[in-house]
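The structure appears below as structure tokens.
Keep in mind that what you see is a predicted model, and the values were worked out from it rather than measured. Throughout, a chain's letter reflects where its sequence line sits, starting with A, and its residues are numbered from 1.
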Number of protein chains: 2
Amino acid sequence: MPNNQFKRGELYSVINGMASIAVARRLQKNFRQAGLEITIEQWSILYHLWKEDCLSQQELCVRTFRDKPSITRLIDNLEKQGLVNRHPSPTDRRINLVCLTEAARGLQELTLQLANQTMEEALTGIAKQDVEIVKKVLQQVYDNLK
Amino acid sequence: MPNNQFKRGELYSVINGMASIAVARRLQKNFRQAGLEITIEQWSILYHLWKEDCLSQQELCVRTFRDKPSITRLIDNLEKQGLVNRHPSPTDRRINLVCLTEAARGLQELTLQLANQTMEEALTGIAKQDVEIVKKVLQQVYDNLK
DNA sequence: GGCATATAGTTAGTTATGCAACTATTTTCA
DNA sequence: TGAAAATAGTTGCATAACTAACTATATGCC
């Protein structure tokens with residue numbers, strides 16, 4: 001296999017995203033053990049709303065790297081659980097603004113603490129400068145493909 | 001937020017697995033453009049069978065980091081497409097051995113070439129030694145959490 | 001030998017993703 | 001101004017993941 005700088009065995013786990021799947025599973029487990037009912041995907045929506053509340057669904061698509069139907073259904077489920085509400089935009093009738101409820105605001109501190117704890121479990125024994133390199137490389141990969 | 005060496009903004013994209021999702025989407029797109037009907041998940045099963053044919057479903061669970069129901073359904077779908085067959089193990093009647101068909105063997109060369117091409121697109125402009133660090137760190141993350 | 005336990009695989013239910021097609025509204029521009 | 005194009009969101013269909021509960025077979029051990 002000429003012109004191929006990557007051996008096969010190395011290819012698989014990168015494509016498979018082993019590491020990020022393992023992190024997501026551990027975070028979900030940590031949520032469950034803390035008695036939290038939400039999924040990681042739902043949490044990722046809340047995460048962006050905690051940073052900036054009342055985003056449009058389109059903006060959530062961009063920030064969470066998901067397509068529109070995925071966001072529609074995540075918001076449906078979050079709305080059922082009473083964690084967000086859709087409010088029509090006053091200036092553009094096509095737009096829903098997705099806003100946090102009080103219940104969702106109450107989850108912020110605990111879930112962010114669990115997320116930080118999970119990342120610490122994941123990164124145990126890894127040098128800080130290596131983490132920096134990983135972040136840089138993964139960002140470059142994303143930019144190469146977007 | 002004491003005892004936390006990672007700032008919040010950095011957390012999200014790692015958990016989200018942005019980069020590996022982007023790679024998987026691109027690989028799927030490259031398959032589709034080449035006229036291939038299989039999903040990345042189905043391909044990942046074939047990938048392991050090309051390395052060693054006639055594995056048990058349990059062994060595929062281990063090698064692909066999936067649970068048993070996921071493998072059951074992936075094999076169901078691959079069987080429908082005529083790419084694998086289930087053969088009862090001669091020594092243990094609980095076990096199905098999953099074996100490639102001729103049609104599946106015919107996909108090996110093209111799909112591995114597309115996978116390599118996709119990785120080259122993904123890793124454009126990234127130093128070889130940085131790729132090595134990423135692989136090492138992601139393996140460590142996986143080991144920390146498994 | 002026979003019961004308890006472990007292992008391999010399947011089924012059912014919920015959530016999530018990707019794609020295509022659709023509705024409603026807004027913007028563009030001839 | 002008014003038709004075409006762009007944008008925001010939803011719906012339907014297929015695939016895949018996780019959990020829990022289930023069946024069938026094999027193993028361990030008294």
Side-chain angles (χ1 to χ4, degrees), chain A residues 16-18 20-33 36-45 54-81 83-84 86-98, chain B residues 16-18 20-33 36-45 54-81 83-84 86-98:
Chain A
N16 192 248
M18 276 173 53
S20 54
I21 290 174
V23 172
R25 284 180 185 160
R26 176 63 63 92
L27 180 57
Q28 184 73 68
K29 184 179 159 194
N30 287 343
F31 277 4
R32 206 166 36 241
Q33 285 181 346
L36 296 172
E37 295 290 315
I38 58 172
T39 66
I40 301 306
E41 293 81 4
Q42 291 169 0
W43 174 79
S44 81
I45 300 290
C54 295
L55 297 171
S56 69
Q57 295 188 197
Q58 180 56 43
E59 188 56 34
L60 285 168
C61 290
V62 174
R63 299 198 189 190
T64 67
F65 316 109
R66 290 186 171 85
D67 64 2
K68 293 192 291 177
S70 295
I71 295 297
T72 294
R73 276 143 188 158
L74 282 172
I75 303 303
D76 286 348
N77 285 333
L78 283 166
E79 214 168 20
K80 272 186 220 156
Q81 294 177 258
L83 294 173
V84 303
R86 286 175 166 100
H87 297 284
S89 162
T91 57
D92 186 333
R93 297 202 301 166
R94 293 171 304 182
I95 293 178
N96 291 333
L97 297 175
V98 181
Chain B
N16 191 250
M18 276 172 53
S20 54
I21 289 173
V23 172
R25 284 180 186 162
R26 175 63 64 94
L27 180 57
Q28 184 73 69
K29 184 178 158 195
N30 288 343
F31 278 3
R32 205 166 37 242
Q33 286 182 345
L36 297 172
E37 294 291 314
I38 59 173
T39 67
I40 301 306
E41 293 81 4
Q42 292 169 0
W43 175 79
S44 81
I45 301 289
C54 295
L55 297 171
S56 70
Q57 295 190 198
Q58 181 57 42
E59 187 57 34
L60 285 169
C61 289
V62 174
R63 299 198 189 188
T64 66
F65 318 109
R66 290 186 171 86
D67 63 3
K68 292 193 292 178
S70 295
I71 295 296
T72 293
R73 274 148 190 154
L74 281 172
I75 303 302
D76 286 348
N77 284 332
L78 283 166
E79 215 168 20
K80 271 185 222 159
Q81 294 177 261
L83 295 173
V84 303
R86 286 174 166 100
H87 298 284
S89 161
T91 57
D92 186 334
R93 297 203 300 165
R94 293 171 301 181
I95 293 178
N96 292 333
L97 296 176
V98 181

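- Here the closest heavy-atom approach between residue F31(A) and residue I38(A) is recorded as CD2-O, 3.9 Å.
- Distance CD1/I71(A) to CZ/R63(A): 12.0 Å, rounded to 0.5 Å.
- The heavy-atom pair separating Q57(B) from T72(B) by the smallest distance is NE2-OG1, 3.6 Å.
- Note: NZ (K29(A)) to C1' (dT19(D)) measures 15 Å, nearest angstrom.
- We find that CH2 of W43(A) is positioned 18 Å from C1' of dT15(C), with the value rounded to whole Å.
- Spacing between atom CG of D76(A) and atom P of dG12(D) amounts to 12 Å, rounded to whole angstrom units.
- Other residues, nucleotides and ligands contribute more than 12 heavy atoms inside 6.0 Å of the CD atom of Q33(A).
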Item to complete: Could you encode protein contacts along nucleotides 16-26 of chain C as a string, one character per nucleotide from 5' to 3', using B for base contact, S for sugar-phosphate-only contact and - for no contact, with a heavy-atom cut-off of under 4.0 Å?
Response: SSBBB----BS
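- Regarding L78(B), its CG atom lies at a distance of 11 Å from the P atom of dT15(D), rounded to whole Å.
- Within the model, atoms CD of Q58(A) and CG of N96(A) stand 12.0 Å from one another, a figure rounded to the nearest 0.5 Å.
- Atoms CD1 (I75(A)) and C1' (dT10(D)) sit 13 Å apart, rounded to a whole Å.
- A sub-4.0 Å separation between OP1 or OP2 of dG9(D) and a side-chain N or O of Q57(A) is absent.
- Note: CD (E79(A)) to P (dG9(D)) measures 13 Å, nearest angstrom.
- Checking the phosphate oxygens (OP1, OP2) of dG9(D), no side-chain nitrogen or oxygen of T72(A) falls inside 4.0 Å.
- One atom, CD of Q58(A), and another, C1' of dG9(D), lie 9 Å apart when rounded to the nearest Å.
- A salt bridge links D76(B) with R86(B): at least one charged nitrogen is closer than 4.0 Å to a carboxylate oxygen.
- Atom CD1 of I95(B) is separated from atom C1' of dT25(D) by 10 Å (rounded to the nearest Å).
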